[in-house]
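Since the structure comes first, as structure tokens, the remarks are kept for the end.
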Amino acid sequence: VQLQAYGGGLVQPGGSLRLSCVASESIFSINVMGWYRQAPGKQRELVAVFTSGGRINYADSVKGRFTISRDNAKNTLYLQMSSLKPEDTAVYYCTAVLLRNYWGQGTQVTVSS
């Protein structure tokens with residue numbers, strides 16, 4: 001499956017962005033899908049994920065500010081980001097697990113005044 005992420009950009013602190021990740025095939029049967037991010041000089045880290053048990057997990061740093069959702073009919077995963085902080089600046093990647101991990105190409109989010 002190919003994943004195409006988009007929606008990143010430059011936003012001021014306190015602002016909002018919505019990231020989208022469009023899959024090349026149906027995501028109806030893909031249980032594990034999520035978002036990771038990688039800031040310069042840091043390791044890639046989990047942001048939010050739909051787990052195999054049907055739960056949603058968020059990184060502590062984004063709880064209450066970010067919301068992950070999916071639209072199976074549109075083969076699309078979303079990440080609504082609000083109250084953005086400069087420390088949210090990173091390249092955001094979507095991922096899907098179907099026998100193995102598939103990754104999108106990443107979309108840059110920059111939070112700066």
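Note: Trp35 CH2 to Cys21 SG = 5.0 Å, rounded to the nearest 0.5 Å. To the nearest 0.5 Å, atom CG of residue Leu19 and atom OG1 of residue Thr76 are 12.5 Å apart. In this structure, Gln12 CD and Ser113 OG are separated by 7.0 Å, a value rounded to the nearest 0.5 Å.
With contacts defined as side-chain heavy-atom distances shorter than 4.5 Å, the pair Thr89/Gln108 qualifies. Using a 4.5 Å cut-off on side-chain heavy atoms (C-beta onward), Asn75 and Phe28 make no contact. At a threshold of 4.5 Å between non-hydrogen side-chain atoms, the residues Thr51 and Ile56 do not count as touching. The closest side-chain heavy-atom distance from Cys94 to Met33 is not below 4.5 Å. Using a 4.5 Å heavy-atom cutoff, the side chains of Gln4 and Gln105 are in contact.
If you chain together hydrophobic residues whose side chains sit under 4.5 Å apart, Leu3 and Ile30 fall into the same group. Note on Tyr92: it does not cluster hydrophobically with Tyr78, by side-chain heavy-atom contacts below 4.5 Å among ILVMFWY residues. Side-chain heavy atoms closer than 4.5 Å link hydrophobic residues (I, L, V, M, F, W, Y) into clusters, and following such links, even through other members, never connects Val111 to Tyr6. Side-chain heavy atoms closer than 4.5 Å link hydrophobic residues (I, L, V, M, F, W, Y) into clusters, and following such links, even through other members, never connects Val22 to Leu17. A single hydrophobic cluster is seen to contain both Leu77 and Tyr58, as judged by linkage of ILVMFWY side chains at heavy-atom distances under 4.5 Å, directly or through other members.
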Chi angles and distances behind the side-chain contact (heavy atoms from CB on, under 4.5 Å) call for Leu84, Phe66: CA-CA 9 Å; Leu84 282 161; Phe66 291 11; 3.8 Å; yes
task: Determine, stepwise, if the pair Ser112 / Leu10 fulfils side-chain contact (heavy atoms from CB on, under 4.5 Å).
output: CA-CA 7 Å; Ser112 175; Leu10 174 64; 4.2 Å; yes
- request: Dump the intermediate steps for side chain to side chain donor-acceptor pair (under 3.5 Å) on Thr95 and Asn101, then the final yes or no.
  value: CA-CA 7 Å; Thr95 185; Asn101 276 82; 3.2 Å; yes
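Atom CD of Gln2 sits in a sparse spot, with 12 or fewer heavy atoms from other residues, nucleotides or ligands closer than 6.0 Å.
Taking the charged nitrogens against the carboxylate oxygens, Asp88 and Lys85 have no contact shorter than 4.0 Å, which rules out a salt bridge.
With sequence neighbours left out, Tyr36 forms a ring-ring contact (aromatic ring centres under 6.0 Å, His included) with Trp103.
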Under 3.5 Å, which donor-acceptor pairs link side chains of residues 40-50 to any protein atom two or more places apart or in another chain?
| unit_1 | atom_1 | unit_2 | atom_2 | d |
| --- | --- | --- | --- | --- |
| Glu45 | OE2 | Arg37 | NE | 2.7 |
| Glu45 | OE2 | Arg37 | NH2 | 3.2 |

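With hydrogens and angles left out, the side-chain atoms of Arg55 and Asn57 include no donor and acceptor closer than 3.5 Å.
The two residues Ile27 and Arg70 come nearest to each other via the heavy atoms O-NH2, 2.8 Å. Scanning all heavy atoms of the two residues, the minimum distance from Ser83 to Ser16 falls at N-OG, 4.4 Å.
Side-chain atoms of Thr107 come within 3.5 Å of backbone atoms of Gly8 as a donor-acceptor pair (strictly under, hydrogens ignored).
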